[in-house]
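This report refers to the structure that appears directly beneath it.
Labels below follow one simple rule: chain letters A, B, ... track the order of the sequence lines, proteins then strands, and each chain is numbered from 1. Quick note: numbers below take in every heavy atom, side chains included, and nothing from hydrogens, waters or symmetry partners.
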Amino acid sequence: MSSHTLLALSYLAAAFLFIVGLKRMSSPLTAVSGVRWAGVGMLLATAVTLAFMGGVPQVNLLLVIIAILIGSVLAWVSGKRVAMTDMPQMIALYNGMGGGAAAAIAALQLASGSESNVTHAAIAAVGGFIGSVSFSGSLIAFAKLQGLIKKTLRFGGQKLVNLAILLLTVSCGVAVVSGIHADMMTVTLFFAFALLLGIAMTLPIGGADMPVVISLYNALTGLAVAFEGFVLDNAAMIIAGTVVGAAGTLLTQLMAKAMNRSLANVLFSNFGDSSGAAASSVTGTQKAIEASDAGVMLAFSQKVIVVPGYGMAVAQAQHKVWELCQLLLDNGVKVRFAIHPVAGRMPGHMNVLLAEAGVPYDLISDLDEINAEFETADVALIIGANDVVNPDARSNKSSPIYGMPILSADKAKNVIVIKRGQGQGFSGIDNALFVLDQTRMLYGDAQSAVGQLIQAVKAAG
Amino acid sequence: MIDGVIALYIFMLAAFTGYEVISRVPVILHTPLMSGSNFVHGIVLVGAMVALGTADTTPMRVIGFLGVFLAAGNAVGGYVVTERMLQMFVAAGQKKRGAAK
């Protein structure tokens with residue numbers, strides 16, 4: 001068996017393990033084994049590739065090993081240390097790194113001039129373009145979620161500027177691929193413009209849309225990897241990259257659909273600064289409640305539905321929330337958790353946090369399962385959620401979120417909202433739920449407010 | 001060597017596979033799954049290794065080095081965070097089964 005066949009077979013095995021792994025990750029019971037299967041595939045592919053690098057110059061081999069060691073150790077340590085609540089930005093960061101790697105491969109292919117084949121050069125360039133956009137865009141998404149960039153940069157004619165950058169990137173790309181200007185300068189400009197486009201595209205997107213954006217960049221990185229796989233004749237990269245590209249696209253669509261918005265809308269509508277029109281439609285005042293009264297209300301309910309949101313994640317309140325719910329369950333109160341598909345910063349973000357706190361799955365319901373049950377609930381307890389319970393999405397056509405499916409918390413007999421202050425939520429839209437007659441506001445950080453509720457329920461029980 | 005049309009076949013079949021594998025996933029696993037698929041495209045590491053292996057000038061070695069470094073971060077970081085998240089689901093499931101006894 002030739003060494004090339006052995007390499008090809010190990011890549012085949014890796015591709016098989018990736019697909020089996022992803023398949024197993026799609027059920028909670030087999031999920032951990034799934035990521036381990038995929039991990040074995042990755043180790044196998046990397047080890048065999050390294051073993052067959054005997055023919056390359058020693059200095060290059062040394063650089064490969066050093067780069068792997070540094071990258072692995074940094075990622076290992078940061079991945080182990082990051083808090084569960086910060087997961088979305090870490091995924092964005094690691095994803096961006098993958099895109100950057102694909103771009104680097106493309107840069108080497110184009111700069112070396114080794115691609116005499118125009119088709120190959122074009123595929124390398126497209127992959128490099130996508131990878132670069134995914135790299136810089138993911139870094140911006142990371143910086144935004146991490147709080148390093150607080151402002152959302154918007155200005156008139158922004159779309160024209162982005163279009164201009166896109167055209168510049170494409171023309172540089174065409175010049176390089178066609179061989180008219182295949183010099184280092186043009187290649188450098190091509191990547192510089194592509195990176196700039198990723199930054200310019202992501203800066204104006206509001207934080208509420210970040211889940212969709214991260215998911216999109218994840219799919220894009222997959223595609224970029226697949227394209228570079230074509231160029232390098234690497235079937236494992238083609239298969240793994242394409243599978244991720246398709247899966248990521250589907251996931252992105254699911255998320256955009258949950259917000260009742262098209263992908264184009266997320267990327268180009270500058271969502272989240274349009275509070276002006278909607279603000280006027282919400283009239284009435286928010287009515288505050290003391291934790292002690294809210295606790296009594298909860299303790300003497302028959303059925304409570306908890307709606308967690310990003311506020312719970314920020315305050316790391318998931319353990320306290322579960323403590324409160326266990327207390328209520330012991331008192332004979334029926335407790336359910338209602339999860340909106342886009343609550344938090346990523347789909348399933350809330351589920352991860354609740355799982356961390358030890359909440360059993362059967363108490364957790366998604367939008368379709370739970371919405372009819374709000375009418376029978378005595379209390380809907382909103383913890384740091386906002387847009388996903390805004391009834392304006394159902395009734396107010398002028399609201400920017402009109403048409404988005406929401407949790408019908410306004411149908412509950414009583415609504416208690418835990419919120420840091422009176423201001424607007426992440427998307428900057430006023431919430432009609434907060435001024436309803438049956439709604440009471442419990443102001444404070446989710447962690448301390450739930451702590452007070454626990455004391456109040458204990459006192460009442 | 002992968003011939004152009006064969007490559008298109010691989011591309012098409014892999015795209016359907018990705019679509020099918022994900023389409024039956026419960027919402028609670030969306031974040032871990034996004035993270036898991038993020039880990040899977042860390043396979044770009046093998047490409048980056050090969051690319052750096054063929055680099056012959058200093059600027060190219062720098063770019064190649066960056067590529068391998070970034071790809072290793074993608075693969076290892078993606079694995080670590082995915083496993084951490086999924087382990088929580090196991091823990092929560094076991095607690096539930098324990099409580100049911």
Side-chain angles (χ1 to χ4, degrees), chain A residues 18 22-23 25-26 28 31-32 35 39 42 45 49 53 56 60 63-64 67-68 71-72 75-76 79 90-91 94-95 97-98 100-102 104-105 107-108 218 221-222 225 228 230 232-234 236-244 246-247 250 346-349 351-352 355-356 358 360 366, chain B residues 1-2 7 10-11 14-15 17-19 21-22 24-25 27-28 30-31 33-38 40-53 60-61 63-83 85-90 92 95-96:
Chain A
F18 288 153
L22 278 176
K23 179 75 199 152
M25 270 187 249
S26 59
V32 177
V35 69
M42 190 71 75
T49 307
M53 287 187 78
V56 310
N60 288 18
L63 285 175
V64 167
I68 292 179
S72 303
W76 183 274
M90 280 323 270
I91 296 175
Y94 296 140
N95 174 56
M97 293 174 86
I105 296 174
L108 287 182
N218 184 44
T221 303
V225 171
E228 299 315 320
F230 276 120
L232 294 173
D233 248 343
N234 185 317
M237 281 170 71
I238 303 180
I239 296 174
T242 311
V243 166
V244 172
L250 178 63
M346 296 181 73
H349 192 186
N351 303 87
V352 170
E356 185 196 11
D366 63 24
Chain B
M1 292 294 116
I2 303 164
I10 297 178
F11 188 77
T17 308
Y19 202 83
V21 164
I22 298 296
R24 286 182 285 274
V25 173
V27 177
I28 64 164
H30 276 179
T31 293
L33 202 85
M34 187 199 295
S35 177
S37 57
N38 174 40
V40 166
H41 66 54
I43 190 66
V44 69
L45 175 59
V46 298
M49 288 164 70
V50 172
L52 173 55
M60 288 184 133
R61 288 203 178 98
I63 296 171
F65 184 85
L66 267 180
V68 175
F69 163 75
L70 291 173
N74 180 191
V76 173
Y79 182 84
V80 171
V81 297
T82 309
E83 198 195 28
M85 268 190 268
L86 289 174
Q87 254 166 350
M88 275 161 199
F89 285 90
V90 175
K95 251 180 229 166
K96 177 188 144 196

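- In this structure, the side chains of B:Val68 and A:Leu63 stay at 4.5 Å or more apart for every pair of heavy atoms.
- From A:Phe230, atom CZ reaches atom CD1 of B:Ile10 across 7.5 Å, with rounding to the nearest 0.5 Å.
- Using modelled atom types and a 3.5 Å distance limit, the side chains of A:Asn351 and B:Thr31 yield no donor-acceptor pair.
- Within the 4.5 angstrom heavy-atom criterion, only side-chain atoms of A:Leu232, from C-beta onward, approach chain B.
- One N or O on the side chain of A:Asn60 and one on the backbone of B:Leu52 form a donor-acceptor pair closer than 3.5 Å.
- Nearest heavy atom pair, residue A:Met53 against residue B:Met49, reads CE-O, 3.2 Å.
- When all heavy atoms of A:Ala101 and B:Val44 are compared, the closest pair comes out as CB-CG1, 3.9 Å.
- Here A:Met42 is the residue among A:Lys23, A:Met25, A:Met237, A:Met42 with the most heavy-atom pairs under 4.5 Å with chain B.
- Interface summary for chain B: among A:Asp366, A:Val243, A:Val56, the most heavy-atom pairs under 4.5 angstrom belong to A:Val243.
- The OG1 atom of A:Thr221 sits 7.5 Å away from atom CG of B:Asn38, with the distance rounded to the nearest 0.5 Å.
- Ranked by non-hydrogen atom pairs under 4.5 Å with chain A, the options B:Val50, B:Leu70, B:Leu33 are led by B:Leu70.
- The heavy-atom pair separating B:Ala15 from A:Ala246 by the smallest distance is O-CB, 3.1 Å.
- The residue among A:Gly100, A:Ala75, A:Ala67 with the most heavy atom pairs within less than 4.5 Å of chain B is A:Ala67.
- When all heavy atoms are compared, the tightest approach of B:Ser37 to A:Val244 is O-CG2, 3.3 Å.
- Put simply, of B:Ala72, B:Ser35, B:Gly53, the one with the most heavy-atom pairs under 4.5 Å next to chain A is B:Gly53.
- Here the CZ atom belonging to B:Phe65 is positioned 10.0 Å from the CD1 atom belonging to A:Ile68, to the nearest 0.5 angstrom.
- Interface summary for chain A: among B:Gly78, B:Ala71, B:Gly47, the most heavy-atom pairs under 4.5 angstrom belong to B:Gly47.
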request  = Could you give me the CA-CA distance, side-chain angles and deciding distance for A:Asn95 and B:Met34, then say whether side-chain contact (heavy atoms from CB on, under 4.5 Å) is met?
outcome  = CA-CA 10 Å; A:Asn95 174 56; B:Met34 187 199 295; over 6 Å; no
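- In this structure, CG on A:Asn234 lies 7.0 Å from CD1 on B:Ile43, to the nearest 0.5 angstrom.
- If you tally non-hydrogen atom pairs under 4.5 Å between each of A:Val32, A:Val35, A:Asn218, A:Ile105 and chain B, the highest count goes to A:Asn218.
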task = List the steps and the verdict of side-chain contact (heavy atoms from CB on, under 4.5 Å) for A:Met90 and B:Val80.
result = CA-CA 11 Å; A:Met90 280 323 270; B:Val80 171; over 6 Å; no
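- The two atoms that bring A:Ala104 and B:Gly67 nearest to each other are CB-CA, 3.6 Å, heavy atoms only.
- For the options A:Ala236, A:Gly241, A:Ser72, A:Ala240, heavy-atom pairs under 4.5 Å to chain B are most numerous at A:Ser72.
- At a 4.5 Å heavy-atom cutoff, the contact between B:Leu45 and chain A is made by side-chain atoms alone.
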